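I have placed the structure first, in the form of structure tokens, so that the comments after it can refer back to it.
If you're wondering where the values come from, they're calculated on a predicted model, not measured in any experiment. Heavy atoms only: backbone and side chains are in, while hydrogens, waters and symmetry mates are out. Residue numbers count from 1 along this sequence.
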Amino acid sequence: MLSSKTLLSRAIRRKKSKKITGRKIRSKTLNSSPTKSKFPECKEGGGEFGFGLKSSATSSNHGVQPLGNFYLASGTINTRNTGLGNLYILSDELVLDILGLLDATDLGVLATVSKSFYVFANHEPLWRNLVLDSVKDGFLYNRTWKSTYIAAFCSSFDDCNIEISGLRVRDFYSDYLFQSWLCANLEMKHEWLERDNIVRRKGISVEEFVLNFEEPNKPVLLEGCLDNWVAREKWNRDYLIQLCGDVRFSVGPADLKLEEFFLYSDQAREERPLYLFDPTFAEKVPRLGLEYDVPEYFREDLFSVLGKERPNHRWVIIGPSGSGSSFHIDPNSTSAWNAVIKGSKKWVLFPPDVVPPGVHPSPDGAEVACPVSIIEWFMNFYAATKSWKKKPIECICKAGEVIFVPNGWWHLVINLEESIAITQNYVSRRNLLNVLDFLKRPNASMLVSGTKDRVNLYDKFKNAIDASFPGTIDQLAQKAEEKKAEQKKLSFWDSVADSNAGAFKFSF
């Protein structure tokens, strides 16, 4: 049998470029002494602190407990440390990143070395990565990622005899591993859902939308826009499975048939559920593209001048409860609309000048570091927004409703139930100059997305606009300069006059 030292040496020698999709390494890489646990007691349906576990919560966390429980333990040993040997000094994140370089066989061998390695080597995200790295053309999810891998690649095993709950290890304390399990099984708290401060409108004209929301770059929730959509009436599981048949859609790094995806979504209980997010759904199944209409407010889409060379702009989105998108800004400085056909979504939006708590964009905007899961952000950062002067815009967007997401706004979305939606990014005259500025940034090749030609997109787009709408860019630039000059005048007057007091003030 290989020793743990041999296995870890083998892991480190493997290609370092392999993508690890587990929790990011924090700045602190050494385990400190036990501290008071940050995890309150959780009970199904709620508890003293308002935390509740889903009725379908799994118990397969191998007995891992929060580190704070170490204080209440009768013993003085943390199995986590004794089982790792000299590696106990490494953080849990770093241990898992190292194990992420191992293949399935080595993980299986390492799990026999000690109780501690058993817990780490059976961490579900490790096996999820192995499945997604190995199976691009679909897989049949089978209760857990480990059993899914075994069923797909180890047919000699009798999968029916695999005990998916695994062993329970006594006296194993780890905040990191416990939080991963907790985030996968926690219900959304009521206080995370109760704030609803978005402007809602129904039946407004295009002119009102442009004047009150698109030009000032403000979010709005629009009602009644989907009333005539065929999709609103027809799109459910049975209809979509029958219509799409064996067509495969993009689900993370894999391509799945809808039947395979729903098999996964019915069983999976994980921190970051997979999300069906396909930009070519209407090309794959043309009928899908005919069963919805772009709401009248968003029909001016200037990227269409590029024809087939335009960046990806529309997606069908299907996801189970708990799936969604962590904080991001939409690509290429575009604005967007998102229409919920089935289900409901919780939205949290911050304006361009306010970076959400826990989110750390790089100076050039090319990368964003944020909590691994949406639930983790709500647990650790949401409460801080209550005291902010600029509070986020929040709402629950239900079936039949459309949300307008202005360009540059940070937003997070989580499905509160299984949901089906259509979203599109677009460029109108109100946003054209922003998009052009974005496309000609010095590092545009790193920032532009959704197209094969990132380098030349600016020239192609500008030339196409000039050819289709001569003089438009110059007219918009002139109006922008006039508006900027007007704002400077107002700013000067505000600096010397106090309109509320009716008297002058000096602020030298």
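Applying the side chain to side chain donor-acceptor pair (under 3.5 Å) criterion to D266, with sequence neighbours excluded, gives R237. Scanning for ring pair (Phe, Tyr, Trp, His ring centres under 6.0 Å) contacts around H123 gives an empty result, with sequence neighbours left out. Residues passing the side chain to side chain donor-acceptor pair (under 3.5 Å) test with K146 are N122, sequence neighbours excluded.
Under the 30°/60° scheme for interplanar angles, the aromatic rings of W145 and Y141 are found to stand perpendicular. Aromatic ring orientation, Y426 versus F404: tilted (interplanar angle from 30° to 60°).
For N434 and N431, the side-chain atoms include at least one donor-acceptor pair closer than 3.5 Å. Side-chain atoms of D171 and N78 form no donor-acceptor pair, as typed in the model, at a separation below 3.5 Å. For the 3.5 Å distance criterion, the side chains of T82 and T79 fail to qualify, holding no donor opposite an acceptor. S321 and N415 are not linked by any side-chain donor-acceptor pair at a separation below 3.5 angstrom, with hydrogens and angles left out of the test. Checked by atom type, the side-chain pair D459/N456 shows no donor-acceptor distance below 3.5 Å. Neither side chain, D453 nor T451, offers a donor N or O lying under 3.5 Å from an acceptor on the other.
R314 forms a cation-pi arrangement with F281, by the criterion of a distance under 6.0 Å to the ring centre and an angle within 45° of the ring axis.
Residue-environment remark: CD (E260) exceeds the threshold of 12 foreign heavy atoms within 6.0 Å. The local environment of CG in D246 is sparse, with at most 12 non-hydrogen atoms from other residues, nucleotides or ligands closer than 6.0 Å.
The existence of a salt bridge linking R248 and D137 is excluded, since no basic side-chain nitrogen approaches an acidic carboxylate oxygen closer than 4.0 Å.
Between F303 and H313, the distance from one ring center to the other does not fall under 6.0 angstrom.
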Given side-chain contact (heavy atoms from CB on, under 4.5 Å), test L140 with Y264 step by step and report yes or no.
CA-CA 7 Å; L140 296 177; Y264 158 81; over 6 Å; no
Determine, stepwise, if the pair F438 / Y458 fulfils side-chain contact (heavy atoms from CB on, under 4.5 Å).
CA-CA 9 Å; F438 179 88; Y458 169 78; over 6 Å; no
